[in-house]
Amino acid sequence: MDHDGVLVTQEKPKKPRKVPDHVILSGGRNNRYWVLDVEERPGHKTLTLTCSKSLHPTETCLLKDGWEMTPVRRGDVVHLEGHSEGASWVVDREQGFLVLLPDSLISGTSISSSIRCMRRAVLGDMFKVKSFTNTITITPCLFMLVGCFVDCFTGLRLMLVHSVTLYCASSRELLQLKIFLWGHCLSCRGQDSAAVVMVTELADIEENVWSPRFGLKGKIDVTARIRIQRPRNGSHRTPEEKTVPLELKTGKESNSIEHRSQVILYTLMSLERYNPEAGLLLYLKTGNLHPVVASHMDRRELLKLRNTLVHHIHNCVEKEAERSRLSRLPDILTNRQTCQYCPQTRNCALYERISKFIQISADVSEDVVHDFLQQETGHLRPPHLSYFSHWMLLCFLEASTMEAKNGRKRVWLQTAEESEKNGSCVGNVQLSGPVMVQSEGVFLHRFQRNIAVPQKGLTTSGLASGDRVVVSDQEGLLVGLATGYLCEVSRTSISCTLDRDLSKFSGVLFRLDSDEGVVGLSTHLTNLSRLMENCQDSDRLRELVVDLRPPEFIFNLSSVLPREAKDTVANILKGLNKPQKQAMKKVLLSLDYTLIVGMPGTGKTTTICTLVRILHACGFSVLLTSYTHSAVDNILLKLKRFRVGFLRLGQGQKVHPDILPYTEESMRKKGVHTLSELEQLYNKELVVATTCMGIKHPIFTRRRFDFCIVDEASQISQPICMGPLFYAKKFVLVGDHQQLPPIVQNQEARSLGMDESLFKRLELHSEAVVQLNVQYRMNRQIMSLSNSLMYEGQLECGSERTATALLSLPFLISVQSELSSYSETEPQHDLVPALESVEQGGISNHTEAALIHKLLSLLIKAGCKPSDIGVIAPYRQQLKSISALLQSSAFTGVEVNTVDRYQGRDKSLIILSFVRSTAEEGTLGELLKDWRRLNVAITRAKHKLLMVGSVTTLRRYAPVEKLLNHLQRENMISFQSAHKALPSIPL
DNA sequence: CCTCTGCGAAGAGGA
């Protein structure tokens, strides 16, 4: 503190910071200010702000009467409510609100749960705790019940004076609703008995509200229209009409501060829709209706809580001396009443243990806390705690990068026109035709462009079928009305399935925004937390994953093979090669786990399919998973041909059409009405298949499997990969750590090892590893590249036919003569520098693209089928510039894609464009530094591989350098100039 | 510098 009493909270010197690209600032109603400086004085705080990315002009905001406690920091984005005079705002007891990080929408229940324990609310945001009850439900929830009576009574004027009786058609249950006499504002409270409130209409049920103004979100049980009749001096005044949120509670009538706060928050969220000054709280057990008046004071205090909560959620990682670490959470509350039934006790204790572990211990050493920690985490040893905290940190780092990229805020901060330019939005559409109910809670909508506004077609919008979408109104008042999936995009209309029926908005102009990247890392965190649980499943997995206990095997196959299955198994094994058979044997003998290394082209899918068949024949149950839907379905498509039944879990939209009949969705359509029928469906098949993220399905609250198989395991991060493993006694991971690792966007997280898969971690136990090294894809020369780069000669051809297979080019000779004349006429062309260009969307190389175009023309002319050709590049932008040259119909069928996307696939002929070609000292990108990406790139071709790139630049990448050396040694580089090389394998 | 797939969700209620 200096002599003025100014407390400098930020580190001096104050460097003027640039506003990051992803931050959107604005003035006006949804204003977004960037905090340039925070000046604290006793009793108040002054912020220096700007809503312009150029950092001027600046404004100030004075925070006092408690607002100065808001944990706002330099570099935060805030929203201001109230008014300003001459660019200076005042937020105090009477007026104004400060909303910290308003684009992080916090749910009403999170805030109300923070009233008693802020720590619990923060933990609740990180860890989704699975409820202790059975989550398999068929019976409609309360809201469907209410929905039913809305159907029956909409339009009916209900005369509710003192009490009213409603019949609920679905349950034949009698609901008695006593309607309390109620005055709508505070001053009337004393004369409540004089006012009569009538609910005249139920305007909406389970309305979804996103309120970017207050940084809130929630679902409002009932939106009710009410009439307030206030007699005065015997004479009747005209009744007042109001629309208010009504919160239903089926439990005990507590009228608790949490319940009332929820209602107050709903009044804030719906401020822009109908500006309610109060809401209703209805307890169905007693039928009592409580009015909840939303005073400025209540709203103010709740928003302060929200600000504290959002601060903790956002600052879960802090940086010290260039190194990140987990931040401390709000203090532990040791109130037996509150803590006793808290669902977060384990995480609360875990977090305390790891924060002590990492930081200098705080003063908490009370016996109560000690006992609590002992009880919850006594079973964990230091390695467990450090695994947990390490991965928590990695996940938070990664989440922060994803958050920065998260485009959801564009839905309310950008106009539809602006978003359409990014190709992530379609604006100016309205409902066309009726809304169809597809199934429970799935409503099929069709939208059309508003004809009054002439615009380009919808197919160019960038939205494609299968995308997740959010529907909002065009004006930005009704944000996040519904979410769902796009089904079909045609030139004139768009259809999608939504979670709400929007038919009452006919005529309203909508915008549809793609809703990507909002998954977050809650599955990761929840899995990590689960790994630390004190229970059998978790203890065993923790031993294997964290302690790296060596896996055990038995030696006698006959003890696991049922006698009656022996012949079948022997029969199935016949089609396999040696290493594949070995893999089968190893899995059967394993007591813990097996790792199958599937080198390129070695028949991974076939192997897994066979493995499932064998396990099935032995009567073992199998949980079959992978990270992607397509990988899961690939195996199932093969499995389908044999007589192996299975149940496929997952969104129908994402499942392969041929697998659809096996999904839960289509099974349920055949008639599942009771809980036991549903259980039957879930238990019927020995084989269940889903993605790693699909494990929160209710089936897993009960069922356990003998084996869990995870395909693509080397591409899955540890916290996700372990998810399905909780549900099986033994597991099999299939992958190849020499191919692509899990994608990690955050640089620091990657450097701290987040891209190490479980497959790789466990690989140190070589006794658990079987290698599939016999491949049926590449011919001998192509295979030699990979062998010299990665596999040290381990890769073998499965047959002489594979080894010698060549591309057939029936018209080669005529093209050759043409080619030689071409070279003679334009020899200097190849000496033109082929420099890369850095554009908005990434890096590309137009010269390489042109060269590839030429190569393709020649090859196709020589008789190569376009569908046998794949063009790959590490950079997405390069695909665009190549595809742009391949518009002619002659090229239809040529598949242009990234290296990453080609993993697991092959083509007869592959042309690889390396793209990078910089002048001398240009910076090197990350992509080509990865050995594994290069390995994938060169192992996609069966018969011919053409690589196009600049040798001088590429030599700076260690992996490519090694490859080039090999090519040179083997005399495989056929052409080279100063700036360009065209290595190729002779035909 | 730039590779990309996952996913329902806020809130239900027991003391």
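Every chain is numbered from 1, with letters handed out A, B, ... down the list of sequences. Since this is a predicted model, take the numbers as computed values, not measurements.
- Rounded to whole angstrom, the span from the CD atom of A/Gln651 across to the C1' atom of B/dT5 amounts to 15 Å.
- For A/Met693, whose side chain is taken as the heavy atoms from C-beta onward, the closest listed nucleotide among B/dG6, B/dA10, B/dG8 is B/dG6.
- Heavy atoms of A/Glu207 sit nowhere under 4.0 angstrom from any nucleic acid atom.
- The side chain of A/Arg916 lies closest to B/dC2 when the candidates are B/dC2, B/dG8, B/dA12.
- Every residue two or more places apart in sequence or in another chain that forms a salt bridge (Lys or Arg N to Asp or Glu O under 4.0 Å) with A/Arg273 is listed here: A/Glu207.
- Side-chain nitrogen and oxygen atoms of A/Thr109 include at least one within less than 4.0 Å of the OP1 or OP2 phosphate oxygen of B/dG11.
- Helical stems of DNA chain B (runs of at least 3 Watson-Crick or G-U pairs, donor-acceptor distances under 3.5 Å) are absent.
- For A/Lys696, a side-chain nitrogen or oxygen approaches OP1 or OP2 of B/dG8 to under 4.0 Å.
- Closest to the side chain of A/Ile743, out of B/dT3, B/dG6, B/dA12, is B/dT3.
- When only modelled atom types and interatomic distance are considered, A/His737 and A/Glu756 share no side-chain donor-acceptor pair under 3.5 Å.
- One interatomic measurement links the two molecules: NZ of A/Lys249 to P of B/dG11, which rounds to 8 Å at whole-angstrom precision.
- When the C1' atom of B/dT3 is taken as reference, atom CD of A/Gln878 falls 15 Å away, rounded to whole Å.
- Residue A/Ser107 places none of its side-chain N or O atoms closer than 4.0 Å to OP1 or OP2 of B/dA9.
- Sequence order on DNA chain B of the closest nucleotides to A/Tyr341 and A/Tyr266 puts A/Tyr266 first from the 5' end.
- Using a 30° and 60° split on the angle between ring planes, A/Trp210 and A/Trp412 fall in the perpendicular class, above 60°.
- Straight-line distance from the CD atom of A/Glu206 to the P atom of B/dA10: 12 Å, rounded to whole Å.
- There is a side-chain donor-acceptor pair under 3.5 Å between A/Arg410 and A/Ser424.
- Counting distance only, with no hydrogens placed and no angle test, the side-chain atoms of A/Arg933 and the base atoms of B/dT3 include a donor-acceptor pair under 3.5 Å.
- Within the nucleic acid shown, A/Arg901 comes within 4.0 Å of sugar-phosphate atoms alone, with no base atom in reach, counting heavy atoms only.
- At whole-Å resolution of the value, CD1 in A/Ile220 and P in B/dA9 are 19 Å apart.
- Ring geometry, A/His259 versus A/Tyr283: the interplanar angle falls from 30° to 60°, so the pair is classed tilted.
- Between A/Glu665 atom CD and B/dG8 atom C1' there is a gap of 14 Å when expressed in whole angstrom units.
- Residue contacts for A/Gln745: at a heavy-atom cut-off of 4.0 Å it reaches a base atom on one of the strands shown.
- With 3.5 Å as the limit, one finds a donor-acceptor pair spanning the side chains of A/Glu664 and A/His697.
- For A/Arg905 and A/Tyr902, the positive end sits near the middle of the six-membered ring, less than 6.0 Å away and at most 45° from its axis.
- In this model, the phosphate group of B/dG6 is not approached by any side-chain N or O of A/Gln653 to a distance below 4.0 Å at OP1 or OP2.
- No engagement by A/Asn208 is indicated, since no non-hydrogen atom pair under 4.0 Å with the nucleic acid exists.
- Within 4.0 Å of A/Ile720, counting heavy atoms only, lies no atom of the nucleic acid at all.
- A gap of 23 Å separates the P atoms of B/dG6 and B/dC2, to the nearest Å.
- A/Lys217 comes within 4.0 angstrom of the backbone, heavy atoms only, and of no base.
- Salt-bridge check for A/Lys409 with A/Asp513: failed, with every basic side-chain N at 4.0 Å or more from each acidic carboxylate O.
- Separating the CD atom of A/Gln715 from the C1' atom of B/dG6 is a distance of 13 Å, rounded to the nearest angstrom.
- No contact: A/Tyr902 has no heavy atom under 4.0 Å from any strand.
- Rounded to whole Å, the distance from NE2 on A/His629 to P on B/dC7 is 4 Å.
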